[in-house]
Amino acid sequence: MASRILLFALLALVLSQAIASDPSPLQDFCVADINSPVFVNGLVCKNPNFTTPDDFFFKGLDQPGNTMNKLGFNANLVNAMALPGLNTLGISIARLDFAPYGLNPPHTHPRATEVFTVVEGTFYVGFVTSNPDNKLFSKVLNKGDVFVFPEGLIHFQFNIGKTSGFGISGLSSQNPGLITIANAVFKSNPPISDDILAKAFQLDKKIVDWIQTQI
């Protein structure tokens, strides 16, 4: 009997960790005190007596981002650091701007599912499932279309139009995180050995070295 109880307890613990995401709030709100020196999993709560409407307000998402870069892309993420009232609520939002043929390159959000809504433009988007299938789910989106990228999976957005475009993304975490695949692999600090990368990608080491200088 004792062994069964222990088994069920371990199973409950494993399941609780498996379904865990951002912690649920235990009060109406927990406005982030971004200046607190205390380090916790998330952000320390500000004293509710000192909370103001501005803690729940962010201005400027109507303004386009600067896409004058190699990728022709800019992201303006509104997370709990930018909007303290988001702390413990498990959500964030981002404006994604694209120059003509601009690309948000393959990346992943380790802590969030993303819902992307096209406001202007035409986009080719997609995500890839995990091993062993690595199946690509992709779609061409137009104004008003919505596409979801499951948590942790590699995905991308590419503006296939001749004009600038943008979209709004909702993310299921106050701090979704971002891992850009090319940067993580070819621009780590310190660098991953070119011997390892050459073998992993089946490339000549000279090509690996060149890629590392370009990113």
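Starting from 1, each residue takes its place in the sequence as its number.
With contacts defined as side-chain heavy-atom distances shorter than 4.5 Å, the pair N87/D33 does not qualify. Between I91 and L86 there is a side-chain heavy-atom pair separated by less than 4.5 Å. Contact check for D22 versus T88: no side-chain heavy atoms found under the 4.5 Å cut-off. With a 4.5 Å cut-off on side-chain heavy atoms, F158 and I160 count as touching. In this structure, L171 and T113 have side chains that are not in contact, with every pair of non-hydrogen atoms separated by 4.5 Å or more. Put simply, the side chain of S164 reaches to within 4.5 Å of the side chain of P100, judged on heavy atoms. The closest side-chain heavy-atom distance from L153 to V128 is not below 4.5 Å. Under the 4.5 Å side-chain criterion, counting only non-hydrogen atoms from C-beta, L197 is in contact with V185.
Taken together through direct or relayed side-chain contacts under 4.5 Å among Ile, Leu, Val, Met, Phe, Trp and Tyr, L136 and I154 form parts of separate hydrophobic clusters. Linking ILVMFWY side-chain heavy atoms closer than 4.5 Å, directly or via other members, places L77 and L61 in two distinct hydrophobic clusters. With hydrophobic clusters built from ILVMFWY side chains whose heavy atoms lie under 4.5 angstrom apart, V146 does not share a cluster with V118. Residues F166 and L178 do not share a hydrophobic cluster, clusters being chains of Ile/Leu/Val/Met/Phe/Trp/Tyr side chains in contact below 4.5 Å.
Partner F116 forms a ring pair (Phe, Tyr, Trp, His ring centres under 6.0 Å) with one of F123, Y124, F147 and no other, that one being F123.
Side-chain rings of F98 and F73 approach one another, their centers coming within less than 6.0 Å. Ring-centre distance between H155 and F149: below the 6.0 Å cut-off. In this structure, F127 has its ring center under 6.0 Å from that of F137.
Of the possible donor and acceptor atoms, one in the side chain of T108 sits under 3.5 Å from a partner among the backbone N and O of G152.
Closest of all the heavy-atom pairs between H107 and Q157 is CE1-OE1, 4.0 Å. When all heavy atoms are compared, the tightest approach of T180 to P105 is CG2-CG, 3.9 Å.
Interatomic distance, I181 CD1 to F156 CZ, rounded to the nearest 0.5 Å: 12.5 Å. Between atom NZ of residue K70 and atom CG of residue L103 there is a gap of 13.5 Å, rounded to the nearest 0.5 Å. The OG atom of S169 sits 7.0 Å away from atom NE2 of H109, with the distance rounded to the nearest 0.5 Å. Atom CG in D55 sits 4.0 Å away from atom OG1 in T52 (nearest 0.5 Å). Between the CG atom in N175 and the CE atom in M81 there is a gap of 9.0 Å [rounded to 0.5 Å]. Rounded to the nearest 0.5 angstrom, K162 NZ and Y101 OH are separated by 5.5 Å.
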Inset, instruction - For K143 and T122, run side-chain contact (heavy atoms from CB on, under 4.5 Å): C-alpha distance rounded to whole Å, both residues' side-chain angles, the deciding distance at 0.1 Å, then the answer. - result: CA-CA 7 Å; K143 183 176 180 178; T122 301; over 6 Å; no
Inset, instruction - Apply side-chain contact (heavy atoms from CB on, under 4.5 Å) to N104 and L71, showing your working. - result: CA-CA 7 Å; N104 186 5; L71 294 172; over 6 Å; no
Legend entry - side-chain hydrogen bond (donor to acceptor under 3.5 Å, both in side chains) between N66 and N69, worked out: CA-CA 8 Å; N66 183 4; N69 52 60; 5.8 Å; no
Inset, instruction - Walk me through it: do L96 and E114 pass the test side-chain contact (heavy atoms from CB on, under 4.5 Å)? - result: CA-CA 12 Å; L96 309 181; E114 177 181 354; 3.9 Å; yes
Inset, instruction - Kindly determine whether K205 and K199 satisfy side-chain contact (heavy atoms from CB on, under 4.5 Å), including the steps that lead there. - result: CA-CA 9 Å; K205 284 204 300 182; K199 187 167 186 177; over 6 Å; no
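For P191, the side-chain contact (heavy atoms from CB on, under 4.5 Å) test picks out Q212, with sequence neighbours left out. Remark: A200 engages no residue in a side-chain contact (heavy atoms from CB on, under 4.5 Å) (not counting sequence neighbours). Listed by chain and residue number, nothing satisfies the side-chain contact (heavy atoms from CB on, under 4.5 Å) test with T163 (two or more places apart in sequence, or in another chain).
For residues 33-145, every residue pair satisfying the disulfide bond (SG atoms under 2.5 Å apart) rule, not counting sequence neighbours, is listed here: C30-C45. The list of disulfide bond (SG atoms under 2.5 Å apart) pairs with a residue in residues 165-215, not counting sequence neighbours, is empty.
In this structure, a donor-acceptor pair under 3.5 Å is absent between the side chains of T67 and D97.
Summarising the hydrophobic clusters (Ile, Leu, Val, Met, Phe, Trp, Tyr; side-chain heavy atoms under 4.5 Å, direct or chained), the residues clustered with F56 are F29, V31.
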